Structure formats: structure tokens, C-alpha cells
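What you are looking at is a predicted structure, and each value in this text was computed from that prediction instead of being measured. Numbered from 1 within each chain, the chains take letters A, B, ... in sequence-line order.
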Amino acid sequence: MIPFEYRTPKSLKEVHADLRKFGTDAKLIAGGTALVIMMKQRLVRPSCLISLRAVRGLNSIAEKDGGLKIGGLATHREVETSSLVRRRVPLLAETYRHVATIRVRNMATVGGGLAHADPNQDPAPTLIALGATVKVSSAAGSRVIPIEEFFTDYYETVLKPEEIITEIYVPKLPANSGAAFLKFLPRTADDYATVSAAAVVTLDRSKKTFADVRIALGSVGTTPIRAREAEAVLRGQPVKPDALREAAEKAKAAVDPISDFRGSSAYKKEMAGVFVRRALEKALAGVTAKKAKAKTGRPAPRRRKR
Amino acid sequence: MKKKIRLRINGKKVEAEVPTNRLLIDFLRYDQGLTGTKEGCSVGVCGACTVLMDGQMVSSCLALAVFADGHDLTTVEGLAKDGELHPVQKSFIQYGGFQCGICTPGQVVAAKALLEEIPKPNEEQIKEWMMGNLCRCTGYYKIIESVQKAHQFAK
């Protein structure tokens, strides 16, 4: 690693000031699990690191308007183990639990993971399907970005050099909704996905028709991908297996995976269809499961990881 | 560029001036002489370099030494107390939880952290917790057994 200046701001205001001063020569660092590797490999060579490790007040997880507000410095492990997250948006806790290992999740932060913008990461597809937004700020002020508009390319986002992610907001799901995230892992449990798919379905009052559907995929393009055409096939349509298969076909057309050691491009494309269909099925099953849970008052059984 | 850090390592207060680009593992091994912590993959996957920061497992190969400023570190050297091995260490010896031994410091430190959270973990809990600690001798059954039976050695 090349030498660098190490800044330790204590507040968001000080972070803004450092970002303004060091600008494009600087990188923000929080958990370091991604950036340190890239620096060791000399893929990134910042002359200044602005550490967020001593910044207070950016790691809280709280309820807001029935949804969840998560500070950019909350760790993956904090989201995974938060009783509030497990109660309010269980899919979010489950998704973060899929990331790497506990050791990495203890360090890696929610904001850091998003800013890293590796399209193979797990949280983004779930956050897109849940309709989450990212709040970023700089000395000039703050703005809120829908998460699906946040990523622009491999390791590239709409973040400006002077901006920092301060908060993620995950809205409350409407009534009669179910959500699922599936990670296809043919190699090891701590690997990146070969393909991942997240789906959120909302049914109308009769529970026989899709009122709304959101589908997103990971590891199948230069960014996480929202499969809008697949969603359009289902919206307003009756819940039928044929419709799910048609949506899966549309999802295949939306992806553009690369061939690598996790599978060929053609194989990943095929699996994208399979996993979108399964995610939709699981999300649909969740709509009814929720009702059963409310009836018995029993907590849902703890899910096994593998 | 250097930075002064103050921390605790295995209960002992330490003050040091470290280059900002010093990795935590190199600080422990070369500056502090604590060579129990091993470096394996260097990318946070294998778990050989596992240490505890404020009781939580971290990869010391992915952390900068300056990250430890103000924190409390535990390495494998800090497990034995007054010449007596930690229950996890006794269990690894009793139940043969290691072969070549290179991954063992990381395994033992990870297992200690697990037992602090779940004193009597079941097999699934051990597998999930220890998933990031690889053993290339593939002695996993013995490792799981050692972790599962470690509580027997607790006083």
C-alpha cells in the first residue's frame, strides 16, 4: 500500500470539510473490508483516507413512518441482528445475513457497501425491490436518491467526490405483500452469488391479482438490475404459474451477465429466470404465511443459512 | 505518514506510532511480536488472521493498525490466563481440533467469541459462526466437536 494521510473527523460536519479540502484525492473509509483489498492490490491509490470510524450518530437503526431508517455507518451485522429490522423488514436482516462471513459483517457498513457498488453484492437487489432510498450529503446540502438510480457501472455510482452516504430509508410494505431474496450459491456459502434475485409482491384485496411487483437481480450485469418488463407482465394480472414463467422469461432478457468461474453467461442468464420465478413464488408464499403468523401469534421459525 | 495510537492488547495498554498504511496483522506480528496470529489469504476469506476488536471478530489482514486506536484487542496469546489454557484451547487439544495448526489460532479466537455469545452452541450455530475459518487439512468434524465440547472445560 502506498502511504497516505489518515484523517479522523469526529462529526459529519468535519467529514464534509475534509471532503471539500481533499476532494478527489481522498477516499472515505469505514469498515475497510473492500477498500483495503483494493488498496493492497493497488487498484485504488488514494493519497488521503478520511476515516468515518470516529464519526458519531451515523449508525443508528430506527423506525420512521412505519419503515426503517438505517444510518450509513451501521454494520451489516447490526442490520442482520437488529430486533427492530427483524420485526419490521425481516427480508432485510435475512439479506444482510447472506453477505460473506460474520467477521466481514462485523466491519462492513451499509453505506460503505453501497458506495463500493460491486454488482455482485447481496443487499442492493433487496433494497431495490423494497423501494429503498439513499440519502447523501455534502457541505452544500443533502439529496435523496432512489437506490435503483444510485448505481451507474462497475464500482461506479452517482455519488459526487464531496458526498457521503448518511442514511438508507426502507419504506413499510403495503398490506398483502410478501418479499423474498434468493442467492444462488453453487460453490461456497461465503461466496458472491452466481445469480441473486429479490422480489416484492403486493396483491389486491382478493389476493388473486398482483397489485404491484418489484423485481431486482444481482451478479448479472455491470450494476444491480431492476427487471421492469418482468414486473409489467404481472402488474394487474391474476396470480397464475404461467404468469410467473412469463415474468421469468422477461427477466432473462433484462440481464447481461459475464462468463467467469461462477458460470458462463448463458448459464447465468438461464439461472436468472429460474431464480426470479422462485423468488416470486417465495414472496407469494410470504403473503399467506404472514396471515397465519398473525393468527397464531407465534414468531416465524429461524431460517437456516444454507 | 505516521499516527500515534493508544489501545489495549490482551489487557495490556499499548502506545505506538505506526505508519498509516500499516496493516493490523503486521503491527501485531512485526511491531508487537505477537506471531500467534497468522496470515493466510490476505483478502479476508480464510480466517487465519482473526482477532477480536472489543470482543468482535475481525480480519486483521483487512484492518489498518490505526483502526485499533482506542480499542481493545484480543489475540490468541491473550486466551490463556495465569499459565492456564482457555477452555477452547483445552478442548481443541482434547478432541484433536487441529492437524497442521496454521488455521488454529484463528479457529480458537473465533470459537472464543462464539462461546461468549452462545455458551453451548449447537452444530448449526457453530457452522454458521465458523464458516469463515477455513481448515485446508479439512479437519472440520474435529473442530466442530472441539467447539461443541469446550463448555466442559469452563469452570
Side-chain angles (χ1 to χ4, degrees), chain A residues 1-8 10 27 29-54 56 75-78 80-81 97-109 112 185 187-192 301-306, chain B residues 1-5 17-26 39-71 106-107 109-111 113-114 117-118 122-134:
Chain A
M1 254 186 290
I2 59 162
F4 47 82
E5 178 166 359
Y6 187 77
R7 307 281 302 168
T8 53
K10 303 283 186 288
K27 279 273 177 196
I29 191 163
T33 49
L35 185 58
V36 171
I37 296 180
M38 295 187 108
M39 288 172 65
K40 280 164 91 164
Q41 295 171 340
R42 306 214 173 180
L43 293 169
V44 183
R45 311 174 85 170
S47 59
C48 172
L49 283 187
I50 302 169
S51 169
L52 303 174
R53 301 185 62 76
R56 295 193 180 276
T75 65
H76 284 42
R77 184 72 172 160
E78 281 165 347
E80 171 197 357
T81 56
R97 190 178 176 203
H98 277 291
V99 177
T101 60
I102 294 175
R103 210 173 49 246
V104 169
R105 300 200 291 275
N106 279 339
M107 294 294 272
T109 62
L185 272 176
R187 291 168 15 113
T188 59
D190 62 345
D191 198 9
Y192 279 131
R302 204 165 161 218
R303 228 189 116 265
R304 275 182 51 182
K305 188 182 170 77
R306 282 157 285 169
Chain B
M1 277 161 261
K2 293 193 167 193
K3 194 133 190 122
K4 195 165 191 178
I5 57 172
E17 205 173 65
V18 292
T20 53
N21 59 352
R22 194 86 166 136
L23 290 169
L24 182 56
I25 185 160
D26 295 334
E39 182 160 19
C41 69
S42 310
V43 289
V45 170
C46 80
C49 71
T50 304
V51 299
L52 306 183
M53 195 187 287
D54 302 331
Q56 292 204 319
M57 298 187 285
V58 303
S59 295
S60 59
C61 77
L62 291 190
L64 299 172
V66 288
F67 279 12
D69 187 27
H71 293 277
Q107 301 279 3
V109 169
L114 168 61
E117 199 159 304
I118 312 170
N122 63 32
E123 193 177 324
E124 276 311 309
Q125 289 167 325
I126 295 170
K127 283 181 177 172
E128 182 179 355
W129 190 277
M130 310 279 293
M131 181 175 92
N133 287 84
L134 306 185

Notebook entry, point to check: Could you state the interatomic distance from CG (B:Leu134) to OG1 (A:Thr188), rounded to the nearest 0.5 Å?
Noted result: 8.0 Å
Next item on the list: Select, from B:Thr50, B:Leu23, B:Val43, B:Leu62, the one with the greatest count of heavy-atom pairs under 4.5 Å involving chain A.
Entry: B:Leu62
Checklist line | Closest non-hydrogen atom pair between B:Met131 and A:Ala189, with its separation | finding: SD-CB, 3.4 Å
Please tabulate, for the side chains in residues 31-39 of chain A, all donor-acceptor contacts under 3.5 angstrom to protein atoms that are two or more places apart in sequence or on a different chain.
none

Margin query: Using a 4.5 angstrom heavy-atom cutoff, name the option from B:Ser42, B:Ala113, B:Ala110 with the most pairs to chain A.
Written below: B:Ser42
Next item on the list: May I ask you to decide if A:Met1's main-chain N or O and B:Asn21's side chain share a donor-acceptor pair within less than 3.5 Å?
Entry: yes
Item checked: Expected output: side-chain A:Arg103 to main-chain B:Gly132 donor-acceptor under 3.5 Å -> yes
Check: For B:Met130, is it the side chain, the backbone, both or neither that has a heavy atom under 4.5 Å from a heavy atom of chain A?
Finding: neither
Notebook entry, point to check: Do any N or O atoms from the side chain of B:Thr20 and from the backbone of A:Phe4 form a donor-acceptor pair under 3.5 angstrom?
Noted result: yes
Notebook entry, point to check: With a 4.5 angstrom heavy-atom cut-off, which part of A:Ala108 approaches chain B: side chain, backbone, both or neither?
Noted result: neither
Margin query: Side chains of A:Ile29 and B:Leu64, heavy atoms from C-beta outward: is any pair under 4.5 Å?
Written below: yes
Margin query: Can you tell me how far apart CE (B:Met57) and OG1 (A:Thr101) are? Round to the nearest 0.5 Å.
Written below: 7.0 Å
Notebook entry, point to check: Side-chain contact, heavy-atom cut-off 4.5 Å: B:Met1 with A:Tyr6?
Noted result: no
Next item on the list: Rounded to the nearest 0.5 Å, what's the gap from CG on A:Asn106 to CG on B:Asp54? Could you check?
Entry: 11.0 Å
Note to self: To check you understand the geometry: which heavy-atom pair defines the closest contact between B:Cys61 and A:Lys40, and what is its length?
What the structure shows: O-NZ, 2.7 Å
